[in-house]
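Each residue takes its place number in the sequence, starting with 1. Predicted model, so just to flag it, every value in this text is computed and none were measured. Counting convention: from 1, in listed order, for ligands and their atoms alike.
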Amino acid sequence: MKKAAVILGSDSDLPVVEKAFAVFKELEVPYEAHIFSAHRTPDAAAAFASAARANGFGVILAAAGKAAHLAGALAARTTLPVIGIPVKSSTLDGLDALLSTVQMPTGVPVATVAIDGAANAALLAAQILAVSDVALAEKLEAKKQADEAAVLAKDAVLRA
Ligand code: RP5
């Protein structure tokens, strides 16, 4: 299976991104995490993205807050799918990061999840990898069914 890359703009993004790690561990998706910044380490970020496909990655997650250019900067250097996670790390409650991540120019797409939506980012990454991996697709299907059963059980409790 191809690996997922998880890039954090700062170690301060870790509490949010840990939810993505948990999903990857649950689904047994191989992943590698790094801290690179579009602004503080632009060369390292660009080098990672440029080599990502050759290095066995199939999808890249990028989490950043404030003027969150990380996902876009990585997407500029690769044709792998890039999923942006806007992080709520400023006085603007993450709206700044959301707009900085989602408003990409035509030709350089970034699939953007909700503010602090790291779990969904990992699920989307797993679904992308599962296009060519039947075993992973089956795990995702089982998880969806378990999630559905959990909600229906809560409904039963509420009605009782
Ligand atoms: C962004 O600035 C990072 O992704 C982080 O969300 C935010 C603050 O970074 P630190 O000053 O905490 O390192 O680049």
Side-chain angles (χ1 to χ4, degrees), residues 1-133 136 139-140 143-144 147 150:
M1 189 193 307
K2 299 272 187 196
K3 296 177 288 183
V6 186
I7 314 300
L8 293 76
S10 166
D11 60 348
S12 66
D13 299 321
L14 199 49
V16 168
V17 176
E18 275 169 350
K19 294 184 189 106
F21 297 158
V23 171
F24 284 145
K25 283 176 187 153
E26 179 187 346
L27 295 170
E28 298 177 291
V29 171
Y31 70 94
E32 208 176 286
H34 295 276
I35 298 170
F36 296 131
S37 164
H39 307 120
R40 292 166 174 158
T41 67
D43 294 340
F48 180 88
S50 298
R53 185 183 291 275
N55 285 334
F57 293 97
V59 62
I60 299 175
L61 277 62
K66 297 187 174 173
H69 299 133
L70 180 58
L74 297 172
R77 299 283 183 161
T78 182
T79 54
L80 291 176
V82 175
I83 303 171
I85 307 167
V87 175
K88 178 178 168 178
S89 67
S90 77
T91 49
L92 295 181
D93 280 343
L95 186 58
D96 45 356
L98 173 63
L99 297 178
S100 301
T101 304
V102 78
Q103 288 286 52
M104 289 298 294
T106 299
V108 190
V110 168
T112 305
V113 296
I115 295 167
D116 290 352
N120 260 2
L123 279 170
L124 180 56
Q127 289 179 190
I128 289 167
L129 296 175
V131 167
S132 58
D133 189 311
L136 180 56
K139 283 182 203 164
L140 284 162
K143 181 172 172 53
K144 218 171 184 60
D147 290 349

Do R53 and T79 get their side chains close enough for a donor-acceptor pair, meaning under 3.5 Å? yes
Residue, atom and distance of the protein heavy atom nearest atom 7 (C) of ligand 1 read S89 OG, 3.7 Å
protein heavy-atom neighbour closest to atom 10 (P) of ligand 1 works out as S10 OG, 3.5 Å
Any heavy atom of R40 under 4.0 Å from ligand 1? The part involved is side chain
**Report entry** Under 3.5 Å: N/O of S12 near N/O of ligand 1
**Finding:** yes
When you compare ligand 1 with H39, is there at least one nitrogen or oxygen pair between them that comes in under 3.5 angstrom?
no
Counting from 1 in the order shown, the ligand 1 atoms closer than 4.0 Å to a non-hydrogen atom of D13 are 3 (C), 4 (O), 5 (C), 6 (O)
Is the backbone of L129 close enough, under 3.5 Å, to the side chain of D133 for a donor and an acceptor to pair up by distance? no
Original post:
F48 vs F36 aromatic rings, parallel, tilted or perpendicular, using cut-offs 30° and 60°?
Top reply: tilted
Residues S100 and A67: closest non-hydrogen pair is OG-CA, 3.8 Å
The reported gap from CD in Q103 to OG1 in T112 (rounded to nearest 0.5 angstrom) is 9.0 Å
To the nearest 0.5 Å, atom CG of D93 lies from atom CG of D116 at 10.0 Å
Of A68, G65, G9, the one whose closest heavy atom lies nearest atom 1 (C) of ligand 1 is G65
